[in-house]
Amino acid sequence: MHSILLSLASNYEQEKNLSEAREALAQVLVSPVYTSAIWTEPYGKKKGSLYLNQLVYAQSDLDCDELNSRLKEMEKAQGRNDEARRQGLVPVDLDLLQYDQQRFHLRDWQRPYIQQLLPELSN
């Protein structure tokens with residue numbers, strides 16, 4: 001069993017899409033612990049609606065590549081595609097931040113919402 005940390009985000013139908021993402025993740029995660037969800041402004045050059053963000057710590061028996069592949073399939077199933085991207089819509093963004101001891105999306109670790117939510121997982 002592998003320890004994982006995921007970031008979930010949405011800027012379109014945020015509450016509905018994060019709820020659906022959590023349902024899909026239930027198929028590949030064991031013992032998930034979700035943080036509260038917090039709203040943030042778009043970052044960088046991105047414009048558009050507020051993002052709803054959440055972290056989840058869990059276990060999975062999938063290897064790293066298979067897990068990432070499943071996450072991208074879940075994003076597509078919820079409408080993440082080129083047309084949505086052109087419109088600035090992010091129905092759901094599922095990022096693997098950590099798999100066992102290996103960290104990914106290193107710049108994201110410094111984002112204020114991640115820094116704010118991480119302590120919830122250590123309680």
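Applying the side-chain hydrogen bond (donor to acceptor under 3.5 Å, both in side chains) rule to S31 yields no partners; only residues at least two apart in sequence or on another chain are considered. Not counting sequence neighbours, the partners of Y99 by the ring pair (Phe, Tyr, Trp, His ring centres under 6.0 Å) test are H2. Scored by the side-chain hydrogen bond (donor to acceptor under 3.5 Å, both in side chains) test, K76 finds no partners at all (sequence neighbours excluded). Residues that satisfy the side chain to side chain contact (heavy atoms under 4.5 Å, CB included) test with E15, not counting sequence neighbours, are W39, L52. For the side chain to side chain contact (heavy atoms under 4.5 Å, CB included) test, residues two or more places apart in sequence or in another chain that qualify with R86 are D82, E83. Listed by chain and residue number, Q14, N17, L18 satisfy the side chain to side chain contact (heavy atoms under 4.5 Å, CB included) test with S10 (two or more places apart in sequence, or in another chain). Every residue meeting the side chain to side chain contact (heavy atoms under 4.5 Å, CB included) condition with Q116, not counting sequence neighbours, appears here in chain and number order: I38.
Residue pairs satisfying the ring-ring contact (aromatic ring centres under 6.0 Å, His included) criterion with at least one member in residues 55-83, sequence neighbours excluded, are absent. Listed by first and then second residue, the salt bridge (Lys or Arg N to Asp or Glu O under 4.0 Å) pairs involving residues 56-65 amount to none (not counting sequence neighbours). Residue pairs that meet the ring-ring contact (aromatic ring centres under 6.0 Å, His included) test with at least one member in residues 10-37, sequence neighbours left out, do not exist here. For the salt bridge (Lys or Arg N to Asp or Glu O under 4.0 Å) condition, no pair includes a residue of residues 2-12, sequence neighbours left out.
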Please tabulate, for the side chains in residues 20-29, all donor-acceptor contacts under 3.5 angstrom to protein atoms that are two or more places apart in sequence or on a different chain.
unit_1: E20; atom_1: OE2; unit_2: K16; atom_2: NZ; d: 3.2
unit_1: R22; atom_1: NH1; unit_2: Q54; atom_2: OE1; d: 2.8

